[in-house]
Amino acid sequence: NAARDQRQSLRGSDAKATDGATEEDLIEMEATTPVLVVFDLPDGSSVESEFAIGQSVEVLKSYIASECGIQMGDQQLFLEAADGSVLLMDPMSLSDYPQISAG
């Protein structure tokens, strides 16, 4: 059973205010900052949703499995960036990819 590609592009949302925030607050705010993820599916359709930048690639795959019926094991997610496509690895989070920025 050949793996199906889910191609995605990401763009950040507005940055949150940080006046008076502690270092711990700033870390939490950064991890929960939303990014819009657009999945380009094998059938040519697109699905989009917001995820926290601290979410793992596995969470994105779980979303596609529940929303589109494509099993997680059959998925490969790619980040389409100016410097080419990057395969997103399961244990990594969106914040682990420098091409993805929120805000």
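If you're wondering where the values come from, they're calculated on a predicted model, not measured in any experiment.
- With values rounded to the nearest 0.5 angstrom, Q99 atom CD is found 5.5 Å from D83 atom CG.
- No continuous path of hydrophobic side-chain contacts links M72 to L87 [ILVMFWY only; heavy atoms under 4.5 Å].
- Heavy-atom minimum distance, Y97 versus M89: OH-N, 2.8 Å.
- The heavy-atom pair separating G54 from S95 by the smallest distance is CA-OG, 4.4 Å.
- By the rule that hydrophobic residues join a cluster once side-chain heavy atoms approach within less than 4.5 Å of another member, M92 and F51 end up as members of one cluster.
- We find the OG1-CD distance between T33 and E50 to be 11.0 Å, quoted to the nearest 0.5 Å.
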Atom pairs and distances, side-chain donor-acceptor, residues 57-65, under 3.5 Å, sequence neighbours left out:
unit_1 : atom_1 : unit_2 : atom_2 : d
K61    : NZ     : Q75    : O      : 3.4
K61    : NZ     : D90    : OD1    : 2.8

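- Residues S46 and D40 approach most closely at OG-OD1, 2.9 Å, considering heavy atoms.
- Taking both residues in full, the closest heavy atoms of L94 and I100 are given as O-CD1, 3.6 Å, listed atom of the first, atom of the second, then distance.
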